[in-house]
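To find a chain, count down the sequence lines: A is the first, B the second, and so on, and within it residues start at 1. All values derive from a computational prediction rather than experimental measurement.
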Amino acid sequence: MLQVAFIRENKETVLKGLAKRNFKNAEEIVNQTILADEQRRATQTELDAVLAESNKLSKDIGIFFKSGEREKAEILKLKTAQLKDKSKELSEKLQEKATELQNLLYLIPNIPNEIVPAGNSDEDNITVFEAGKIPALYDGALPHWELAKKYDIIDFELGNKITGAGFPVYKGKGARLQRALINYFLDKNTKAGYQEVQVPYMVNEASAYGTGQLPDKEGQMYHDAQDNLYLIPTAEVPVTNIFRDVILKESDFPICKTAYTPCFRREAGSYGAHVRGLNRLHQFDKVEIVRIEHPTKSYEALEKMLEHVKDILNELKLPYRILRLCGGDLGFTSALTYDFEVFSTAQNRWLEISSVSNFETFQANRLKLRFKNANGKTELAHTLNGSSLALPRVLAGLLENYQTSEGIKIPEVLIPYCGFDIIN
RNA sequence: GGAGAAUUGGCAGAGUGGUCGAAUGCGGCAGUCUUGAAAACUGUUGAGGGUCACACCUCCGGGGGUUCGAAUCCCUCAUUCUCCGCCA
């Protein structure tokens, strides 16, 4: 959520940023927001004046009662009755205006960073880096869902029976490979200075609002109505919410956390070939990295995160590229996002395996995640996160790119974690 | 799930209807002293709104109510603790 004061003072910047996202009715919504804010403040001021007077009268009444001047007190009491009506009316209006403002603010996405390219869709994303060799596969190379069946390492049908589509069962070496990847990622992340945390897989409403899943992505999360809890779509939600309503010291920066969690996404509206196999699941595993940074250091931190993810992919020897997302493809809460994509050789397409973003103060404002700056003032911190990494598509990439006529080879760095070097 | 107790500032802990945003202690910060540090002493130290800055307003787990006036009384929800039940 943007800060109202920022919108008020930087209207042109906001409009320019929203235009880059192709955000509809931007000017109208921004104007409404500014108006609602003015009305809210005016109402607040009016209410404060009434309350101030009524507070004063109450104190006087107390004094009169103490000194036994009951009659004087009774006269003042009558006066307060009117003020009470007035203040009730005003506080209702204030509540109304505050809600109106809040709802408008929820509609406005983050302002893209300057270097975010304009554009409407993923076609306008810019490839900023590419590495790794796309292997020449042997004749008869298969897409990963065929490989999964051939070697009996992932059973999609079994998952269908137990739960439904998008909830696969990993078996034998497939299960072990999953566990190996999780451990390998966590080890890499902790070595890079990220503290490992284990967090709840369900979150309450306040947390879902804090990181921006609510109110607009309601339909994408599994929801338990009985206890009003949400299954997490990403570890970002519980991990970042560790810092909800927290005021840090400047010396606390940088804060680096990593967590492995399963992720649950309803993926309403997805269909077709692109959701085959591991490409898109309702439940998948992911290791996430989260950073809380001083505002002046957040872009430096974003670079570090990119280098870190690159390092992992280089070690896995997978062909990948990095995209800078365009305005139209940028997530609601993000100011700048880089997507990592691994090449799926048998499908002949790129698969997103990591998304690394700087949210600047957008999440922090909702979370009330602040720090005391050098002048002793509280200031919003910057939050960042990235996948390091999401399992299924990495697995898809590994299976497809490492397949040989003898079986699927295991990348060298994973062999100690797996305890085997080939799936055959 | 049942019964009882509790929830106050970074922490501990007073405060049971009136000038209480809240005693006191610890911690933090600044200073005095010291070659430096410790100790001791002095001062300072919550958040939000509002203002050029003050004034002023709001916040004592969340929400609602009683009252001229609520941290204090009532209702409700949440959480924590103790006992019982169930249980990996």
Side-chain angles (χ1 to χ4, degrees), chain A residues 1-9 33-105 198-210 214 224-230 238 241-253 255 262 292 361 363-381:
Chain A
M1 188 166 69
L2 296 177
Q3 297 171 90
V4 213
F6 179 83
I7 298 175
R8 203 196 307 153
E9 286 154 27
T33 305
I34 293 171
L35 181 68
D37 176 49
E38 274 169 17
Q39 291 175 338
R40 200 219 89 227
R41 276 151 60 218
T43 311
Q44 174 86 257
T45 307
E46 216 181 322
L47 174 63
D48 285 357
V50 174
L51 288 176
E53 198 181 343
S54 133
N55 286 344
K56 196 175 167 298
L57 288 175
S58 290
K59 277 185 187 172
D60 290 346
I61 289 170
I63 292 166
F64 284 136
F65 269 122
K66 268 196 176 159
S67 62
E69 298 171 86
R70 289 201 90 91
E71 284 185 13
K72 285 188 180 176
E74 291 300 333
I75 292 167
L76 290 188
K77 264 192 175 184
L78 291 175
K79 270 177 112 175
T80 56
Q82 281 178 49
L83 290 175
K84 214 178 175 185
D85 288 345
K86 185 80 185 163
S87 78
K88 188 163 188 180
E89 185 189 311
L90 282 170
S91 57
E92 272 164 19
K93 188 175 167 193
L94 179 65
Q95 190 57 250
E96 213 174 274
K97 287 294 161 194
T99 307
E100 188 185 327
L101 177 62
Q102 186 65 249
N103 289 337
L104 283 162
L105 286 172
Q198 285 197 13
V199 289
Y201 301 156
M202 296 188 97
V203 294
N204 58 27
E205 223 175 27
S207 293
Y209 271 100
L214 291 179
D224 166 30
Q226 199 160 10
D227 292 312
N228 197 21
L229 296 174
Y230 294 87
N241 271 282
I242 292 173
F243 300 96
R244 174 153 48 84
D245 289 318
V246 166
I247 299 179
L248 298 162
K249 289 180 295 213
E250 227 169 13
S251 58
D252 292 333
F253 294 124
I255 290 173
I292 316 289
T361 60
Q363 288 183 331
N365 189 33
R366 281 203 195 175
L367 292 161
K368 297 209 190 71
L369 164 49
R370 295 160 294 177
F371 68 99
K372 277 229 186 303
N373 68 20
N375 302 322
K377 289 247 163 116
T378 49
E379 193 181 328
L380 293 172

Quick test of your reading of the model: are Lys97(A) and Glu100(A) salt-bridged, counting only N-O distances below 4.0 Å?
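Salt bridge present between Lys97(A) and Glu100(A).
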Salt-bridge contact Lys88(A)-Asp85(A) (side-chain N to carboxylate O under 4.0 Å):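 Judged by the 4.0 Å cut-off on N to carboxylate O distance, Lys88(A) and Asp85(A) do not form a salt bridge.
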Partner of Phe64(A) by side-chain contact (heavy atoms from CB on, under 4.5 Å), out of Glu74(A), Lys72(A), Lys77(A):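 For Phe64(A), the side-chain contact (heavy atoms from CB on, under 4.5 Å) test succeeds with only one of Glu74(A), Lys72(A), Lys77(A), which is Lys72(A).
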May I ask you to evaluate whether [X] reaches the phosphate of [N], defined as a side-chain N or O under 4.0 Å from OP1 or OP2?
X: Lys372(A); N: rA47(B); result: yes
X: Asn55(A); N: rU58(B); result: yes
X: Arg370(A); N: rG48(B); result: yes
X: Thr45(A); N: rC57(B); result: no

Could you give the distance separating [M] and [N] at their [atom1] atoms, to the nearest angstrom?
N: rC86(B); M: rU66(B); atom1: P; value: 45 Å
N: rA5(B); M: rG63(B); atom1: C1'; value: 22 Å
N: rG43(B); M: rU35(B); atom1: P; value: 25 Å
N: rA78(B); M: rU51(B); atom1: C1'; value: 37 Å
N: rU58(B); M: rA6(B); atom1: C1'; value: 26 Å
N: rC41(B); M: rG48(B); atom1: C1'; value: 35 Å
N: rG49(B); M: rA55(B); atom1: C1'; value: 14 Å
N: rA38(B); M: rG31(B); atom1: P; value: 12 Å

Check: Of the nucleotides rA47(B), rC68(B), rC56(B), which one has an atom closest to the side chain of Ile61(A)?
Finding: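 Closest nucleotide to the Ile61(A) side chain: rC68(B).
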- Query: If you check every side-chain atom of Lys84(A), which of rC57(B), rA47(B), rG69(B) has the closest atom?
  - Reply: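 Output: rG69(B).
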Problem set entry | Whichever of Leu51(A) and Phe65(A) has its nearest RNA chain B nucleotide further upstream toward 5' |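 Of the two residues, Phe65(A) wins.
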For RNA chain B, whose closest nucleotide is more 5', that of Leu57(A) or that of Asp37(A)?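 Nearest-nucleotide comparison on RNA chain B picks Asp37(A).
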In whole Å, I'd like the distance from the [atom1] atom of [X] to the [atom2] atom of [N].
X: Arg244(A); N: rA47(B); atom1: CZ; atom2: C1'; answer: 17 Å
X: Leu47(A); N: rU58(B); atom1: CG; atom2: C1'; answer: 9 Å
X: Arg41(A); N: rC57(B); atom1: CZ; atom2: P; answer: 20 Å
X: Leu76(A); N: rG69(B); atom1: CG; atom2: P; answer: 13 Å
X: Lys56(A); N: rC57(B); atom1: NZ; atom2: C1'; answer: 16 Å
X: Lys249(A); N: rC11(B); atom1: NZ; atom2: P; answer: 13 Å
X: Lys59(A); N: rG18(B); atom1: NZ; atom2: P; answer: 14 Å
X: Lys377(A); N: rG46(B); atom1: NZ; atom2: P; answer: 14 Å

Heavy atoms under 4.0 Å, any strand shown: does [X] hit a base, just sugar-phosphate, or nothing?
X: Leu78(A); result: nothing
X: Ser58(A); result: base
X: Thr378(A); result: sugar-phosphate

Let me confirm one number: the CE-OG1 distance from Met1(A) to Thr361(A), rounded to the nearest 0.5 Å.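 Reported to 0.5 Å precision, the distance equals 10.0 Å.
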| Worked verdict on Asp48(A) versus Thr45(A) for side chain to side chain donor-acceptor pair (under 3.5 Å) | CA-CA 5 Å; Asp48(A) 285 357; Thr45(A) 307; 5.9 Å; no
message: Suppose we define a pair by two distances each less than 3.5 Å, Watson-Crick or G-U wobble; what does rU44(B) pair with here?
response: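 Pair assignment: rU44(B) / rG28(B).
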Hunt down the Watson-Crick or G-U wobble partner of rA23(B), both distances under 3.5 Å, from any strand shown, or write none.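 WC or wobble partner does not exist here.
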Notebook entry, point to check: Do we see a donor-acceptor contact under 3.5 Å between the side chains of Asn55(A) and Ser58(A)?
Noted result: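 No.
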Inset, instruction - Flag yes if more than 12 heavy atoms outside Gln82(A) fall under 6.0 Å of its CD atom; otherwise flag no. - result: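 No, not enclosed.
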